[in-house]
Q: 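Once you've had a glance at the structure underneath, I'll fire off some questions.
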Amino acid sequence: MTPTIPGRGDLRISLTSACNLRCSYCHNEGQEFPWAKEKLSPSLNNIHKMIILGVKHGAKQVKFTGGDPGVYPHIIKLLGCIKDWKDEFSGITRWGIATNGVPFINPKKFDALVSSGLDNISIGIDSISDFEYSKPSSPMGISGDSLIRNFVIPLKRNWDGEIKFDTVFIGNKIATSEVVDKARELSLYASVIEVYQSNDVRSSFLELIDETAERHHLEKRLYEFLNEWYLYDKNNNPIIKFYQDHCVGLDCGSCRKIHLRVVPNGNGFAAVPCFVKARTKTIPITDNLDEAIAHNSMGPEWYKGTKYE
Ligand code: SF4
């Protein structure tokens, strides 16, 4: 029996370890930090093979990440493949990308994104201010206000896919609330991702959920399948999602159902079973995902006693 990708069947493919920003809390999908010397970027052919393998193991959705996919050398060509891949892989129901957005201000990349056939985009943004970077923990970037004016609003005007703000919460309720409010103002979805640094962050995170539900007249409900709090509108749409840090208390069982993460390695891809607590401990992928699925999100010590030790 061919093992299937657990939970949502989400295959999260890192296109590159490189990024145009340097966020202090970067997990880089479990790879070396983007500012590491070696930058890895797979060929389009290897990405196609990885999707074939994912489909063989029951993948239902694909998300392209990085580093930042916008700096992947072949991003325009890759975006040009999506429509054909959607026909070829009819079992994949959602095709998405996660980016900080800045690289897609480039007109050629913007046009390729808009005409790509992707159906959802997650834009990483932690501030909408004109006085600080959209990712304030990065020593470089553009202001949040500029990102919204030069990328988000043109994208909303020219593309009818699902746009979501992904905002990282490390304790600043004001900044995060401003990002969520801006998403609602633009009728976009939003996710608040907790990066646990202390009990104070956790308690503020829980307060933020209640305050946001009250401010936007939304219903707070626990999505038990992933043990996450979602805020629903009156049409029962989960328009704001709160992803608590599952590493707290080692809620690895929920983590296992969220994604199967693969990152580039020299000649193809490798799986990253525990992308936060066991960074760079990976499983090279050959012609099946059996080992990758077996060890996926089995905790920070998954490799102990295995050939990957
Ligand atoms: S598997 Fe690793 S990344 Fe996932 S929740 Fe457990 S400790 Fe965190």
Side-chain angles (χ1 to χ4, degrees), residues 3-14 17 19 23-34 36 54 57-68 96 98 122 124 137 166-171 191-206 209 222-230 241-265 269-285 289-309:
T4 56
I5 297 174
R8 306 185 302 177
D10 184 285
L11 178 63
R12 197 172 171 90
I13 302 176
S14 166
S17 58
C19 185
C23 302
S24 59
Y25 52 71
C26 176
H27 62 58
N28 209 17
E29 307 289 345
Q31 305 173 88
E32 290 293 348
F33 288 116
H57 288 271
K60 299 187 194 76
Q61 39 193 41
V62 166
K63 188 127 203 181
F64 298 111
T65 71
D68 195 280
S122 302
S137 73
D166 273 358
T167 188
V168 169
F169 180 74
I170 49 178
S191 295
V192 179
I193 303 136
E194 177 200 28
V195 171
Y196 179 88
Q197 293 175 339
S198 68
N199 286 340
D200 294 347
V201 170
R202 174 50 62 97
S203 52
S204 305
F205 181 73
L206 297 173
I209 300 172
L222 181 66
Y223 181 52
E224 293 184 8
F225 182 68
L226 296 179
N227 189 22
E228 293 171 345
W229 289 102
Y230 295 174
K241 297 179 175 180
F242 286 81
Y243 302 152
Q244 77 266 27
D245 189 330
H246 289 291
C247 301
V248 180
L250 291 182
D251 179 18
C252 307
S254 299
C255 180
R256 181 172 167 76
K257 292 184 268 182
I258 299 174
H259 310 290
L260 183 86
R261 281 181 161 79
V262 296
V263 299
N265 78 349
F269 284 93
V272 188
C274 177
F275 73 109
V276 176
K277 303 283 184 192
R279 296 172 60 103
T280 71
K281 274 280 177 201
T282 62
I283 297 175
I285 293 170
L289 292 176
D290 298 13
E291 295 271 302
I293 290 170
H295 294 293
N296 189 42
S297 297
M298 300 307 275
E301 302 197 336
W302 68 268
Y303 54 90
K304 296 253 166 100
T306 73
K307 61 183 174 187
Y308 304 104
E309 185 149 19

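Fair warning: this is a prediction, and the values are worked out from it, not measured in the lab. Hydrogens, waters and symmetry mates play no part in the numbers below; they use all other heavy atoms, side chains included. The first residue of the sequence shown is numbered 1, and numbering continues consecutively from there. Both ligands and their constituent atoms are indexed starting at 1 by order of listing.
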Q: Name the orientation class of the two ring planes belonging to H295 and W302 (parallel below 30°, tilted from 30 to 60°, perpendicular beyond 60°).
A: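 Because their plane-to-plane angle lies in the 30° to 60° range, the rings of H295 and W302 count as tilted.
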Q: List in chain and number order the residues that pass salt bridge (charged side-chain N to carboxylate O under 4.0 Å, His left out) with R12, two or more places apart in sequence or in another chain; answer none if no residue qualifies.
A: E29
Q: Only counting residues at least two apart or in another chain, list the ones meeting salt bridge (charged side-chain N to carboxylate O under 4.0 Å, His left out) with R279.
A: none
Q: Please collect all salt bridge (Lys or Arg N to Asp or Glu O under 4.0 Å) contacts where either partner lies in residues 246-257, sequence neighbours excluded, each pair once.
A: none
Q: Count the heavy atoms belonging to other residues, nucleotides or ligands that lie under 6.0 Å from CD of E224, then report whether that count exceeds 12.
A: no
Q: Using 0.5 Å steps for rounding, measure from the CG atom of L260 to the NE2 atom of H57.
A: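 So the gap between those two atoms works out to 9.5 Å.
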Q: Identify which protein N/O/S atoms are less than 2.8 Å from atom 4 (Fe) of ligand 1.
A: C255 SG
